[in-house]
Amino acid sequence: MKRFSFSTLMLWVGLLFIYLPMVILVIYSFNASKLVTVWGGWSVKWYVGLLDNTQLMNSVGRSLEIACYTAIAAVALGTLAAFVLTRIPRFRGRTVFGGMVTAPLVMPEVITGLSLLLLFVAMAQLIGWPQERGIVTIWIAHTTFCSAYVAIVVSARLRELDLSIEEAAMDLGARPWKVFLLITIPMIAPSLAAGGMMSFALSLDDLVLASFVSGPGSTTLPMEVFSAVRLGVKPEINAVASLILLTVSLFTFFAWFFTRQAEERRKRAIQQAMETMAEEASASTWKPTSTQAA
């Protein structure tokens, strides 16, 4: 009989600590009572009521829009920064560039938000842009913050790649940009996907930066939830959070499923290639022997 070890106990305690509040939130999203802490029976009226709560739904759509734009821009900029840091070992200002790329990781968000706010105000006075703070300024702030995470993730993957594959492609006549698009990008695709999902989650969750660089009519979901919680938690917030958890869970499941299927296909292809090579090698060694026997 397998013993219940201390490490297993700590694992289950940790999982309960992380996921039990989420389960309680989902259960109370079906609460019929207007009081969040008082159970009044099962009901879906708060999910139906979300259709009438235009302010909350607009903030959800705005946050998802900004998160999508941030993920795309952060992956593009972070990948280029990681490529420069890993593939160009020496250039003037490399230390400064590396420090600027990783600075948002260690800098408090309050300082980053205040700096970006002062920058946007100064730019508006000098060149007249941005005329007002809104979705664009939030997108720029989130991209600045998330690009550092993408650069770290992608650079770790780039350091593990075998450069002989890229060198062989260039020896066969492929130009550097073609090698980057057709060879390097497919090999680092898992890290790009991880960086994109991380950027999406960080942008969707951000409150501090958005509070500094947002303006009228650009309230995001975290800002809306924070302002509502100050007056008391509403059941609609539980319903929105439950829908977001469901969406993220489904997206994560499908990403894991398709990644697993691709990995299994890749393993089968490698195994078939090895079996073919073994058959060809055995056939080539068998023919001379049969000739000599004849």
Side-chain angles (χ1 to χ4, degrees), residues 18 59 62-127 129-159 188 191-216 218-227 229-230 244 248:
I18 295 174
S59 64
R62 195 175 299 114
S63 295
L64 294 175
E65 180 183 3
I66 295 173
C68 290
Y69 295 156
T70 300
I72 296 172
V75 167
L77 295 178
T79 302
L80 294 177
F83 193 83
V84 170
L85 291 174
T86 55
R87 298 304 172 84
I88 306 178
R90 294 182 182 179
F91 62 91
R92 183 175 298 178
R94 185 182 188 281
T95 304
V96 178
F97 179 74
M100 293 175 63
V101 169
T102 58
L105 297 175
V106 296
M107 188 177 299
E109 291 189 27
V110 175
I111 297 178
T112 304
L114 181 59
S115 302
L116 290 172
L117 173 61
L118 296 177
L119 174 63
F120 292 142
V121 171
M123 290 176 60
Q125 295 176 353
L126 292 176
I127 63 176
W129 184 88
Q131 296 182 355
E132 60 181 11
R133 296 184 296 277
I135 293 179
V136 176
T137 55
I138 298 175
W139 169 60
I140 295 174
H142 287 183
T143 303
T144 304
F145 176 69
C146 296
S147 297
Y149 289 90
V150 178
I152 296 300
V153 174
V154 176
S155 61
R157 175 59 178 166
L158 284 172
R159 291 189 179 95
I188 64 174
S191 62
L192 296 180
M197 289 188 291
M198 184 182 299
S199 300
F200 185 88
L202 290 173
S203 175
L204 191 64
D205 182 64
D206 178 73
L207 172 64
V208 179
L209 290 178
S211 299
F212 277 97
V213 299
S214 63
S218 60
T219 303
T220 60
L221 178 62
M223 297 172 61
E224 183 71 25
V225 172
F226 180 75
S227 60
V229 168
R230 295 176 62 182
I244 293 175
V248 172

Could you report the tightest heavy-atom contact between [X] and [Y], atom names first, then the distance?
| X | Y | value |
| --- | --- | --- |
| A74 | T143 | N-CG2, 4.0 Å |
| P130 | A124 | O-CB, 3.3 Å |
| T220 | A210 | OG1-CB, 4.0 Å |
| C146 | T70 | SG-CG2, 3.9 Å |
| G98 | T102 | O-OG1, 3.0 Å |
| H142 | S203 | ND1-OG, 2.8 Å |

[atom1]-[atom2] distance between [X] and [Y], expressed to the nearest 0.5 angstrom:
| X | Y | atom1 | atom2 | value |
| --- | --- | --- | --- | --- |
| S63 | I135 | OG | CD1 | 9.5 Å |
| M223 | F226 | CE | CZ | 10.0 Å |
| S227 | L207 | OG | CG | 9.5 Å |
| F120 | M123 | CZ | CE | 7.0 Å |
| L221 | D205 | CG | CG | 9.5 Å |
| L209 | S214 | CG | OG | 10.5 Å |

Residue pair [X] / [Y], side-chain heavy-atom distance below 4.5 Å:
| X | Y | result |
| --- | --- | --- |
| L202 | D206 | no |
| L192 | T79 | yes |
| R133 | V121 | yes |
| S155 | L85 | no |

**Study point:** side-chain contact (heavy atoms from CB on, under 4.5 Å) assessment of F83 paired with I188
**Key:** CA-CA 11 Å; F83 193 83; I188 64 174; over 6 Å; no

Point to revise | Neighbour count >12 (heavy atoms, 6.0 Å) for atom OH, Y69 | key: no

**Study point:** E65 atom CD: more than 12 heavy-atom contacts under 6.0 Å
**Key:**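 Yes.
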
Review point. For the side chain of R62 and the backbone of T219, is there at least one donor-acceptor N/O pair under 3.5 Å apart?
Key: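 Between the backbone of T219 and the side chain of R62 there is a qualifying donor-acceptor contact (under 3.5 Å).
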
Point to revise | Full working for side-chain contact (heavy atoms from CB on, under 4.5 Å) between T137 and E132 | key: CA-CA 9 Å; T137 55; E132 60 181 11; over 6 Å; no

Which donor-acceptor pairs under 3.5 Å do the side chains of residues 104-116 make with protein atoms, sequence neighbours left out?
unit_1 : atom_1 : unit_2 : atom_2 : d
T112   : OG1    : P108   : O      : 3.3
S115   : OG     : I111   : O      : 2.8

